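In this text the structure is predicted, and so the values were computed from the model without any measurement. What you see below is based on every heavy atom in this structure, not just the backbone, and it leaves out hydrogens, waters and symmetry mates.
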Amino acid sequence: MKWSLKELYESFESPEFLRDSKRILTLIEEINAYAEKEFQEVEKAKEKLETYLHYEMEMSNLVSRVMGFANLTMSTDARNEAAREHFSRIAMKLSAITKAEVLFKRFVQKLVDLEEIVSGSAFLTEHRFLLEETKKEGQYLLSDAEEMLIAKMSNTGSKAWTNLQNILTSTLLVEMEKEGEKVSLPLPAVRNLAYDKDPSVRKAAYEAELAAYKKVEESSAAALNGIKGEVLTVSELRGFETPLHETLFQSRMEKETLDAMFNAIREALPSFRKYLKRKAALLGHQKGLPFYDLFAPMGESEMQFTYEEAMDYIVKNFSTFSPKLGQYAKEAYEKNWLDVEPREGKRGGAFCSNLHVIGESRILSNFDGSFSNMTTLAHELGHGYHGFNLKEETILNSSYPMPIAETASIFCETIVVQAALKEMSDAEAVTILEQSISDATQVIVDIYSRYLFETKLFETRKDHPLSVKELCAFMLEAQKEAYGDGLDEEVLHPYMWLNKTHYYSAGRNFYNFPYAFGLLFSKGLYAIYLKRGESFVPEYDALLSVTGKKSIKEVAELMDIDVTKPDFFRDSLKIVERDIEKFLELTKK
């Protein structure tokens, strides 16, 4: 139940790790020297671009391997001093390469004949999209001195705040009473109790969780204010209208697409509220669903999985879509690419890290045997499969934008859920159907609340640092607007701003709407798959393989989808709404 990292390095003392760490430092000097010497004039542009991109490839592969090893180690062992020391030291040194990156962007921006230069080289043609995007980014560059200063200051600014928040939440112990005894549990283990079949356990875990946040609320608020303050300052300096506009630019998404999606989501909110109110009534609540029962299991099915059973189930059902997908999941399990047991010092939640440099991925979750946790494994394996389809691309063409990042993961989740629904009786189907709708509610309704919260957070942070009281109030306001009368307004979750790690990354602002886009894009793709059958599979794999070198609009157009209009999102939401209607029908009694 623990992952293997020896495919990266045996240890922080291994000759290979020390060699690669040292090479990063010398390579930084080489790249900076080359950029400073060669990017003053535009002569021999083709050769200069080729040389620099080869440097970039070597650096990206090294950083992916070295920093990946340190970061993955810290993810499961927050107190690992060697991992923290190496990660922090190299992160500080990496800020020096900003100098070369800025010179490169300025150089590309000066090339009026970029298209002609690229067309004359097979290697540059392969990286055409990267170069075109680099030219666009040039318009938001600051002076060389400012870029260097920002890169260096972030190490003692936003990145330091991020590290602090990770340590606070991964080492936070929650005190609660369980089975008549007082226990201290890691935060992820307590949050997992939200899925417990005993209502008293769910409520006790919720209350204990909120009480535990009192220990770290002021420190977390300081971290959040520090990070968002830096983001606002830098975003404004670069000339972006807002951090949201900067995120859209980085996401290769047009504002028109975001607006189209949220218009469709707002129209669909009444359906989600009907589901929430029905669930509340079934659980004996009169004023909407209390937050602690959002994830309460429903129906007669007692579905529980061992880790081995969960992976067998996933492999079997992935294989019905394609043998290639099933084989990928089987290999991930057999080669120990997953770390699934909750334990002290391990971060909460789940994630997938695609390690392009070794053609593998590593997946973290906190598995408790529930159906929900099984679908989480399927979700994260979907991320891994996305990376698997990018193996043949260079590492420079393997980075895709945030909204596309959720496509394969939610698609894989859908495969497993739909398979489960087909195998169950009506009574058992209630369990699976409700879980699927619950997950969709999180990705649509709760994500909308997080988007509203972060919008208000940035607007207010421009004026002053927010207090804990303000942060909690804004979160409650956002939840009320998104959930409406579906939730009991007296029993919400004011601390959602504290336990969502995405808020605490200066490079991942508004990392909420990508989940909604991913769900709706995936649902739409799944509907196409049901129509086309096997012929869809190679087209789908091909779509995943080019996500690192196309805009979101261009990726969607491969399947004749127009994401700038609400209609596509409305059609995707209708799939969820039909599930809700089926749930309402099955639970009439």
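- At least one side-chain heavy atom of Phe12 sits under 4.5 Å from a side-chain heavy atom of Asn80.
- Ion pairing between a basic and an acidic side chain is recognised when a charged N comes within 4.0 Å of a carboxylate O; Lys136 and Glu132 show no such pairing.
- Between atom CG of residue Leu130 and atom CD of residue Glu133 there is a gap of 8.5 Å, rounded to the nearest 0.5 Å.
- Take Lys6 and apply the salt bridge (charged side-chain N to carboxylate O under 4.0 Å, His left out) test, not counting sequence neighbours, and it matches no residue.
- Partners of Glu50 by side-chain contact (heavy atoms from CB on, under 4.5 Å), not counting sequence neighbours, listed by chain and number: Lys46, Ser121, Phe123, Leu124.
- In summary, of the residues considered (Lys2, Arg362, Lys346), a salt bridge (Lys or Arg N to Asp or Glu O under 4.0 Å) with Asp339 occurs for Lys346 alone.
- Among residues two or more places apart in sequence or in another chain, the side-chain hydrogen bond (donor to acceptor under 3.5 Å, both in side chains) test is passed with Glu344 by none.
- Between the side chains of Asn397 and Glu126, no donor-acceptor pair of N or O atoms lies under 3.5 Å.
- Ring planes of Trp337 and Tyr328: tilted class, angle from 30 to 60°.
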From CA spacing to verdict: side-chain contact (heavy atoms from CB on, under 4.5 Å), Thr407, Tyr400:
CA-CA 11 Å; Thr407 302; Tyr400 43 81; over 6 Å; no
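- Contact record, Glu254 with Leu248: O-CD2, 4.4 Å, taken as the closest heavy-atom pair.
- Put simply, the side chain of Phe411 does not reach to within 4.5 Å of the side chain of Tyr385, judged on heavy atoms.
- Between Leu168 and Ser219 the shortest heavy-atom distance is CD1-CB, 3.5 Å.
- Minimum interatomic distance between Ser505 and Ile227 (heavy atoms only, all atoms of both residues): C-CG2, 4.1 Å.
- Listed by chain and residue number, Glu230 satisfy the side-chain hydrogen bond (donor to acceptor under 3.5 Å, both in side chains) test with Ser158 (two or more places apart in sequence, or in another chain).
- Judged purely by distance below 3.5 Å, without hydrogens or angles, the side chains of Ser119 and Glu116 never pair a donor atom with an acceptor atom.
- Remark: Ser64 engages no residue in a side-chain hydrogen bond (donor to acceptor under 3.5 Å, both in side chains) (not counting sequence neighbours).
- Under the ring-ring contact (aromatic ring centres under 6.0 Å, His included) criterion, Phe521 pairs with Phe517, sequence neighbours left out.
- Remark: the Glu85 side chain and the Ser88 side chain contain no N/O donor-acceptor pair separated by less than 3.5 Å.
- Glu554 places a side-chain N or O within 3.5 Å of a backbone atom of Ser551 that can act as its donor or acceptor partner.
- Rounding to the nearest 0.5 Å places CD1 of Ile167 at 13.0 Å from CG of Leu172.
- Rounded to the nearest 0.5 Å, atoms CD (Glu256) and OG1 (Thr564) are 4.5 Å apart.
- Residues satisfying the ring-ring contact (aromatic ring centres under 6.0 Å, His included) criterion with Phe513, sequence neighbours excluded, are absent altogether.
- In this structure, the ring-ring contact (aromatic ring centres under 6.0 Å, His included) partners of His493, at least two apart in sequence or on a different chain, are Phe291.
- Looking at Lys214 and Tyr495, their side chains come closer than 4.5 Å, going by heavy atoms from C-beta outward.
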Please step through ring pair (Phe, Tyr, Trp, His ring centres under 6.0 Å) for the pair Phe17 and His86, ending with a clear verdict.
CA-CA 10 Å; Phe17 180 83; His86 284 289; 4.9 Å; yes
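- The minimum heavy-atom distance linking Ala35 with Gln40 is given by the pair O-NE2, 4.5 Å.
- Annotation: cation-pi geometry satisfied between Arg65 and Tyr9 (NZ/CZ under 6.0 angstrom from ring centroid, within 45° of ring axis).
- His356 pairs by the ring-ring contact (aromatic ring centres under 6.0 Å, His included) definition with nothing, not counting sequence neighbours.
- At a cut-off of 3.5 Å, with distance as the only test, a side-chain donor of Thr242 or His245 sits close to an acceptor on the other residue.
- Applying the salt bridge (charged side-chain N to carboxylate O under 4.0 Å, His left out) rule to Lys456 yields the partners Glu477; only residues at least two apart in sequence or on another chain are considered.
- In terms of heavy-atom proximity, Gln165 sits nearest to Ser220 at OE1-OG, 2.9 Å.
- Between Tyr448 and Phe262, the ring-plane angle classifies as tilted under the 30° and 60° cut-offs.
- Ring to ring, Tyr503 and Tyr511 are not that close: their centroids are 6.0 angstrom or more apart.
- At a threshold of 4.0 Å, the pair Lys549-Glu393 counts as salt-bridged, since one of the basic side-chain nitrogens sits closer than that to a carboxylate oxygen.
- None of Leu381, Asn354, Thr376 except one satisfies the side chain to side chain contact (heavy atoms under 4.5 Å, CB included) rule with Ile363; the exception is Leu381.
- Scored by the side-chain hydrogen bond (donor to acceptor under 3.5 Å, both in side chains) test, Lys335 finds Glu331 as partners (sequence neighbours excluded).
- Between Leu5 and Thr73, the closest heavy-atom pair is CD1-OG1, 3.6 Å.
- Here the side chain of Lys135 pairs a donor or acceptor atom with the backbone of Leu111 at under 3.5 angstrom.
- Glu246 is linked by a side-chain contact (heavy atoms from CB on, under 4.5 Å) to Ser235, Arg238, Phe240, Gln250, counting only residues two or more places apart in sequence or in another chain.
- For the pair Arg461 and Phe458, the NZ or CZ position fails the cation-pi test of under 6.0 Å to the six-membered ring centre and within 45 degrees of the ring normal.
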